[in-house]
Amino acid sequence: MTEASKPVIWIPRRLSDATLERARRDYDVIVKEDDTPGTADEIIAMSATADGMIPCHSEHFSADVVAKLDPRLKIVANHSVGTDHCDLAALKSRGIAVTNTPGVLADATAELAFMLMLSAARHGVTGDRIVRSGNWDFWSPAFLVGKQLTGARLGIVGMGGVGRSLARKARGFDMEIHYHNRRRLETEQEAGAIYHDTLESLLAVSDFLSLNCPSTPETEGMMNAERLAQMPKGSVLINAARGSLVDEAALADAIQSGHLAAAGLDCFRDEPGGNPVFAAHENIVMMPHVGSATVRTRDAMGFKALDNLDAFFAGKSPPDML
């Protein structure tokens, strides 16, 4: 790269139009036009051509991949908050900067979690199917009776940006907010939410439980059979964070047994694809990992990634350096 040339940036996925327009203005951009996940071989090959990359959580920078990266690659500016697809230690050891996009996904993801909660509680999948299929020929006071959110207890695991946004929305439904977090929030941030210093204490009072914590070795499979059993009978589990948080076989058993009334899931252990076992249960509402998929948020994520690239190539520390 000469002094007068622009840095070359590889973008493996189809980002928002506004993001691509700005990227092409300031960089020499190579876009993977088929909009499929960048494979390990593609990442390695493009590292010899690109000075920076804007991957999503669908591109995996494992230690094996990182070891084969060309020295030309200097920065991985993730188009995501989560970095579980990156071996951060391996990237750091190669001198490759890594950034993410915090602070702009919270409201969109919380909206999706709330949609899942409402739909799971009020038989959204079954009701839509009955009307859509033309088979709605019956009504009774006992028909599709669901679980009411108003006045119910909402347990939130992880009170970061998404958890706090969800709590604000739930207060509009007069829900009683409980939470478990690595650290207790300041009083003004709690806004009346009740803190639980153990997950088990939170589970016992959660009519609805929303998982909003990151995927880490400590949270892997945290909602297993034992913990699902500690939730009140007839409660509802919501996961708009990461599929790795839930033991999916245990969740299917808890739904099948009736211990859980319903679940709402935006993420799965196998992505894309999901879990075919869940398809048999209409009281499991599923979305294909689109919590942050709004125009406003996609633009904000793309601009965050570009802000980090701009700072890096200007010789400054990126604002979201990990």
Side-chain angles (χ1 to χ4, degrees), residues 9-27 29 31-33 35 37 52-59 76-85 98-120 124 149 154 156 158-173 175 189 191 210-215 238-243 264-267 271-272 285-312 318-322:
I9 303 300
W10 182 52
I11 302 178
R13 308 311 303 269
R14 174 71 190 187
L15 304 185
S16 74
D17 289 345
T19 299
L20 291 174
E21 180 180 1
R22 176 178 154 185
R24 286 171 171 141
R25 182 194 69 195
D26 298 330
Y27 298 97
V29 176
V31 176
K32 188 170 183 282
E33 295 296 343
D35 193 21
M53 296 181 178
I54 307 181
C56 297
H57 68 274
S58 53
E59 282 69 56
V76 173
N78 283 297
H79 187 273
S80 65
V81 172
T83 57
D84 47 303
H85 60 291
V98 185
T99 64
N100 65 344
T101 59
V104 294
L105 286 75
D107 286 334
T109 304
E111 287 176 3
L112 194 282
F114 211 90
M115 183 197 80
L116 290 171
M117 188 158 57
L118 279 168
S119 189
L149 271 67
L154 170 61
I156 298 176
M159 268 293 218
V162 177
R164 293 196 299 274
S165 180
L166 181 61
R168 289 193 297 271
K169 292 163 178 54
R171 290 186 186 100
F173 278 69
M175 299 186 82
Q189 287 185 313
S210 180
L211 306 181
N212 302 110
C213 56
S215 174
I238 304 298
N239 185 11
R242 285 290 188 266
L265 308 173
D266 184 45
C267 43
E271 294 184 5
V285 181
M286 295 179 282
M287 292 292 286
H289 206 147
V290 290
S292 59
T294 67
V295 173
R296 182 193 304 176
T297 296
R298 286 289 187 254
D299 285 349
M301 292 172 69
F303 287 0
K304 269 262 186 186
L306 290 170
D307 288 344
N308 286 312
L309 288 172
D310 291 349
F312 180 84
D320 303 306
M321 178 81 83
L322 296 170

Report task. Give the C-alpha distance, both sets of side-chain angles, the deciding distance and a yes or no for side-chain contact (heavy atoms from CB on, under 4.5 Å) between S80 and L105. Result -> CA-CA 9 Å; S80 65; L105 286 75; over 6 Å; no
**Report entry** Euclidean distance, I238 CD1 relative to L265 CG, rounded to 0.5 Å
**Finding:** 7.5 Å
**Report entry** Stepwise side-chain contact (heavy atoms from CB on, under 4.5 Å) check, R296 with V104
**Finding:** CA-CA 9 Å; R296 182 193 304 176; V104 294; over 6 Å; no
Query raised in the report: Is the side chain of D35 donor-acceptor paired with the backbone N or O of R13 at a distance under 3.5 Å, no angle test?
Result: no
Report task. Can you see which heavy atom on G158 is nearest to which on N212, and at what distance? Result -> O-CB, 3.6 Å
Report task. Nearest 0.5 Å please: distance from the CG atom of N100 over to the CE atom of M301. Result -> 9.5 Å
**Report entry** Spatial distance of atom NZ (K32) from atom CD (E59) [nearest 0.5 Å]
**Finding:** 7.5 Å
Query - Over all atoms of both residues, closest heavy-atom pair of G82 and H85 - result: O-CE1, 3.2 Å
**Report entry** SB check R22 D299 (cutoff 4.0 Å)
**Finding:** no
Query raised in the report: Do H289 and R242 touch side chain to side chain, with heavy atoms closer than 4.5 Å?
Result: yes
Query raised in the report: Are D266 and M115 close enough, and set up right, to give a side-chain contact (heavy atoms from CB on, under 4.5 Å), and what steps lead you there?
Result: CA-CA 10 Å; D266 184 45; M115 183 197 80; over 6 Å; no
Query raised in the report: Can you find a pair of side-chain heavy atoms, one from M175 and one from L149, that are under 4.5 Å apart?
Result: yes
Requested in this report: Go through T109 and L112 one step at a time and tell me if the side-chain contact (heavy atoms from CB on, under 4.5 Å) criterion holds.
Outcome: CA-CA 5 Å; T109 304; L112 194 282; 5.6 Å; no
Query - Taking every non-hydrogen atom, the tightest pair across A311 and P318 - result: CB-CA, 3.8 Å
